[in-house]
Amino acid sequence: MSTGPVTLKDLADEGRLLWCYCGACCHEVEVPPLSLGLPGNVPVPNVARRLRCSKCGSRKISTRPQLHLEPLEVLRARYRRNGG
Ligand SMILES: [Zn+2]
């Protein structure tokens, strides 16, 4: 069992998405891990350094493995319903 950091390829193998969050404008997206054009062996936390927010251009990005197995849109829709 590997104890190293999760890489883009690990995510892709598990069929999970990469979660990217902008600390400047709170923009968040989930993208297929290998869609960024980065090598599969890049650890997920390191991906943040290579990204820029597509909305505000900030480099204050956090990247993590997708937290939920459901797409963000589904979770948002549910939150909206419950949040009244
Ligand atoms: Zn931003």
Side-chain angles (χ1 to χ4, degrees):
M1 220 174 104
S2 166
T3 54
V6 176
T7 63
L8 291 177
K9 184 176 179 305
D10 291 336
L11 284 189
D13 286 349
E14 291 174 21
R16 296 167 79 192
L17 297 173
L18 176 74
W19 180 72
C20 313
Y21 174 79
C22 173
C25 75
C26 298
H27 182 216
E28 59 181 336
V29 289
E30 284 174 337
V31 297
L34 297 179
S35 72
L36 299 168
L38 297 172
N41 64 357
V42 178
V44 165
N46 293 9
V47 175
R49 292 183 217 150
R50 304 175 185 228
L51 297 181
R52 236 170 40 162
C53 178
S54 60
K55 263 200 172 163
C56 75
S58 167
R59 288 188 168 273
K60 266 176 74 176
I61 308 292
S62 305
T63 45
R64 281 190 212 157
Q66 177 189 20
L67 299 177
H68 310 282
L69 290 178
E70 294 173 285
L72 210 53
E73 286 76 20
V74 173
L75 294 169
R76 277 199 188 122
R78 182 180 306 150
Y79 186 77
R80 247 180 257 130
R81 264 204 309 277
N82 292 344

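Index from 1, following the sequence. Reckoned from all heavy atoms, side chains included, excluding hydrogens, waters and symmetry mates. Every number for a ligand or one of its atoms is a count from 1 in the order of the listing.
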From Cys56 atom SG to His27 atom NE2, the distance as rounded to the nearest 0.5 Å: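 Rounded to the nearest 0.5 Å, the SG-NE2 separation comes to 9.0 Å.
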
Interatomic distance, Cys26 atom SG to Lys60 atom NZ [nearest 0.5 angstrom]: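 Rounded to the nearest 0.5 Å, the SG-NZ separation comes out at 9.0 Å.
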
N, O or S of His27 under 2.8 Å from the Zn ion (ligand 1):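 No - counting backbone and side chain alike, His27 has no N, O or S atom under 2.8 Å.
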
Heteroatom N/O/S of Cys26 within less than 2.8 Å of the Zn ion (ligand 1):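 So Cys26 does not bind the Zn ion (ligand 1) by this criterion.
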
Intermediate values then yes/no, side chain to side chain contact (heavy atoms under 4.5 Å, CB included), Leu36 and Leu18: CA-CA 10 Å; Leu36 299 168; Leu18 176 74; 3.5 Å; yes

Sole candidate of Thr7, Thr63, Leu8 that passes side chain to side chain contact (heavy atoms under 4.5 Å, CB included) when paired with Val42: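 Testing each of Thr7, Thr63, Leu8 against Val42, the sole residue satisfying side chain to side chain contact (heavy atoms under 4.5 Å, CB included) is Leu8.
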
Opening angle between SG in Cys25 and SG in Cys53, taken at the Zn ion (ligand 1), to 10 degrees: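 Cys25 SG and Cys53 SG form an angle of 110° at the Zn ion (ligand 1).
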
